[in-house]
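Below: the structure, in structure tokens.
Count residues from 1 along the sequence. Note that the structure is predicted; figures quoted are calculated from it, not measured.
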Amino acid sequence: SDGDSGADGVLTYTITSQADNTFTINATSGEISLNCVGCLDVGVQDQFFLVVEVQDGGSPPKSASCTVVVSVKDVNNKAPVFPTSIIEGSVSEDAANGTTLLQPQRAP
């Protein structure tokens with residue numbers, strides 16, 4: 001924020017440092033947005049560090065900067081698998097209703 005009025009109080013935001021163009025910033029509002037579709041993979045990179053600068057419209061202009069850390073959250077993007085294609089179990093012919101037949105194990 002800037003306590004000045006008029007042109008001196010008009011703020012412009014820019015990303016001054018990022019490894020690629022994964023993110024973009026609205027120069028007027030400072031809102032940071034994703035600039036790609038499907039480009040994030042927590043297995044490749046789980047954090048991004050952006051240096052954001054804000055500058056007022058004064059003459060000479062004054063500015064401030066900060067580092068924004070964007071953490072990528074993992075999503076469920078892997079299908080479940082069984083450890084084998086055939087799982088065998090047996091049950092007694094006089095088993096009670098609700099008797100557990102087998103418990104599948106997670107694949108390694």
* Structure fact -> side-chain contact (heavy atoms from CB on, under 4.5 Å) filter on V91, not counting sequence neighbours, yields A95, L101
* Structure fact -> d(S65 OG, Q55 CD) to nearest 0.5 Å is 11.5 Å
* Under the side-chain contact (heavy atoms from CB on, under 4.5 Å) test, residues paired with T12 that sit two or more places apart -> A27
* Kindly write out the residues that satisfy side-chain contact (heavy atoms from CB on, under 4.5 Å) with D94, not counting sequence neighbours, or none if the list is empty. => S92
* Y13 and V51: same hydrophobic cluster, using ILVMFWY side-chain contacts below 4.5 Å? -> no
* Would you mind reporting whether S33 and E31 have side-chain heavy atoms less than 4.5 Å apart? => yes
* To do: Provide the full list of ring pair (Phe, Tyr, Trp, His ring centres under 6.0 Å) pairs with a residue in residues 14-36, sequence neighbours left out, each pair given once.
  => F23-F48
* Considering all heavy atoms, the nearest V69-Q47 contact -> CG1-NE2, 3.8 Å
* Would you sort out whether I32 and L50 count as a side chain to side chain contact (heavy atoms under 4.5 Å, CB included), showing the intermediate values? => CA-CA 10 Å; I32 297 172; L50 314 173; 4.2 Å; yes
* Listed partners of N35 passing side-chain contact (heavy atoms from CB on, under 4.5 Å), at least two apart -> N21, T24
* Structure fact -> Sequence neighbours excluded, the answer for side-chain hydrogen bond (donor to acceptor under 3.5 Å, both in side chains) partners of T14 is none
* Please report the shortest heavy-atom distance between E53 and T16, naming the atom on each side. => CB-CG2, 3.7 Å
* Any link between L40 and V42 through a network of hydrophobic side chains (Ile, Leu, Val, Met, Phe, Trp, Tyr) touching at under 4.5 Å? -> yes
* Only pairs at least two apart or in different chains count here, so list each disulfide bond (SG atoms under 2.5 Å apart) that has a residue in residues 10-41. => C36-C39
* Structure fact -> ring-ring contact (aromatic ring centres under 6.0 Å, His included) filter on F49, not counting sequence neighbours, yields none
* Asked: Are side-chain heavy atoms of V52 and I25 found at a separation under 4.5 Å?
  -> yes
* Asked: Considering residues at least two apart in sequence or located in another chain, which fulfil the side-chain hydrogen bond (donor to acceptor under 3.5 Å, both in side chains) criterion with S29?
  -> N26
